[in-house]
Amino acid sequence: ELDISFDTTSKNKNNIRVNVTEEFVADMIARFKAGKLLDRKYLYALVLQALQVFEAEPTMVEVNVPEGSVITVCGDTHGQFFDLLNIFETNGYPSPTHMYLFNGDFVDRGSWSSEIALLLYAYKILYPSTFFINRGNHESDDMNKMYGFEGECKHKYKSDKVFGLFSESFSALPLATLVHEQYLVLHGGLFSSDDVTLADIRKYNRFAQKQPGNSGLMMEMLWTDPQPAAGRSASKRGVGLQFGPDVTARFCEANGLKAIIRSHEVRMGGYEEEHNGKLITVFSAPNYCDSQGNKGAYINVRAPDYKLEFNTFNAVPHPDIKPMAYASRLMY
Ligand SMILES: O=C(O)c1nn[nH]c1-c1ccccc1
Ligand SMILES: [Mn+2]
Ligand SMILES: [Mn+2]
Ligand SMILES: [Mn+2]
C-alpha cells in the first residue's frame, strides 16, 4: 500500500504527502506498464511535491559529476513512455550515483505523457540532487492544448485541475543546467544577442511570467535552433531565431564552455555534433510519433575526462495507442 503522511503545513490542498521510495517508483512503473493510472489524490501530491523542489532550484542549475558517478543527458521524450523505460533498462535506472538530466519536451505528441511526467517527478522527489529536468517549449500551455497533453490529462484523470497543476509545475522548471562547469544544457539554444552570459541566465527570474511568450530570454532558450551558416536568421517556426557556428563559438569562449548540448529537433541518428563540435543536438524519442524512423540517443558524461559518450537506441514496442490519441480533434 502507498506510504503517505498528512501534510497540513504547505499549500497542499488535499494535505497528502507521498513518501517516494524506490518501492513506490517500482510500483508506479508496474501500474503504468499495465495501463493503470495513479489515484488522483496521489497525483496531486506528487506534482505539488515536485513543484516545491523545482521552485527552490535556480534558473540555471549547476551540477558537478563526482568520481564514481555518471550523468546521462536525455533529449525530447514526448510521451514515449516505453522508450523511456528502455533507456533506464539499457543504461541503468536513476540512483544517487547515476545522475540523469532530461532536457525538456517530455510531454505532447506521444500518448503516455502523464506517465512520463509523473515518473520524472517521482525521481526528482526521490533524488533531488542527482536527478534534473529542464523546461522545453512543450512544457507550456499553448503547446499542451494543441499537441495532446491537456487532452490526455482530461481523458485519463477526468478533471481540469490535473492539467492546471502540471501547468503550474512546468512554470517552475529550471531553464538550463550547467554540467561540470563545461557543458551548458538547455532545450532550444542561444540568443539574439551576443551579450547574454551564464550570470544573466542564473539570475533570470523565470517566475516573472508563466509562459515562454514570443520574445525574451526564456523564449529563446526554449525555441531557438542552430543553422550551418554564420550569423543569425529568422526561425522557420515563426518564433525564435536560428544561430550559426560563430554565435556558438563566441558564447562558449565568453562563458568558458566546452559545448552547448540542446534538443528540440529530431536527428535521424538520435544525435548530431554541429558547429565544429561546440553544439550537440540530442533527441531521445526514437521513431518519433511512430513515423519518423529516427534513432533515439542519450549522452553519458563521467570522470576523469568528462568527454561526451554518445549512445543510440531504437524504438521498442508499445500498446496500440497512436500518438496524439487525446489531442483535440481541432488539430486534424
Ligand atoms: O512537437 C514537436 O515536435 C516539437 N518539439 N519542439 N518543438 C516542436 C514544435 C513546435 C512548433 C510546432 C510544431 C512542433
Ligand atoms: Mn520536441
Ligand atoms: Mn522543443
Ligand atoms: Mn512508438
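Every number for a ligand or one of its atoms is a count from 1 in the order of the listing. FYI, side chains are in, hydrogens and waters are out, and symmetry mates aren't considered; it's all heavy atoms of this structure.
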- Query: Under 2.8 Å from the Mn ion (ligand 2), which protein N/O/S atoms are there?
  - Reply: D76 OD2, H78 NE2, D105 OD2
- Query: Looking only at heavy atoms, what is the nearest atom pair of G293 and N287, with distance?
  - Reply: N-OD1, 2.9 Å
- Message: I'd like the atom name of the N/O/S atom in H187 lying closest to the Mn ion (ligand 3).
- Response: NE2
- Query: Between E139 and G136, is there a donor-acceptor pair closer than 3.5 Å when you use the side chain of the first and the backbone of the second?
  - Reply: yes
- Relative to the ring of H78, is the ring of Y288 parallel (under 30°), tilted (30 to 60°) or perpendicular (over 60°)? tilted
- Geometric cation-pi criterion, K161 with Y44: 6.0 Å, 45°: yes
- Query: Can you pull the residues with any heavy atom under 4.0 Å from ligand 1?
  - Reply: H78, D105, R109, N137, H138, M143, Y147, W223, R237, H264, Y288
- Task: Could you tell me whether K156 and E152 have a side-chain N and a carboxylate O separated by less than 4.0 Å?
- Result: yes
- Message: Please verify the inter-ring angle class for F166 with F170; under 30° counts as parallel, over 60° as perpendicular, anything in between as tilted.
- Response: tilted
- Query: Quick one: do D225 and R237 make a salt bridge, cutoff under 4.0 Å?
  - Reply: yes
- Aromatic rings Y271 and F310: how do their planes relate, parallel, tilted or perpendicular, breaks at 30° and 60°? parallel
- NZ/NE/NH1/NH2 to OD/OE distance under 4.0 Å, E62 and R202: yes
- Could you label the plane-to-plane angle of the F88 and Y93 rings as parallel, tilted or perpendicular, counting under 30° as parallel and over 60° as perpendicular? tilted
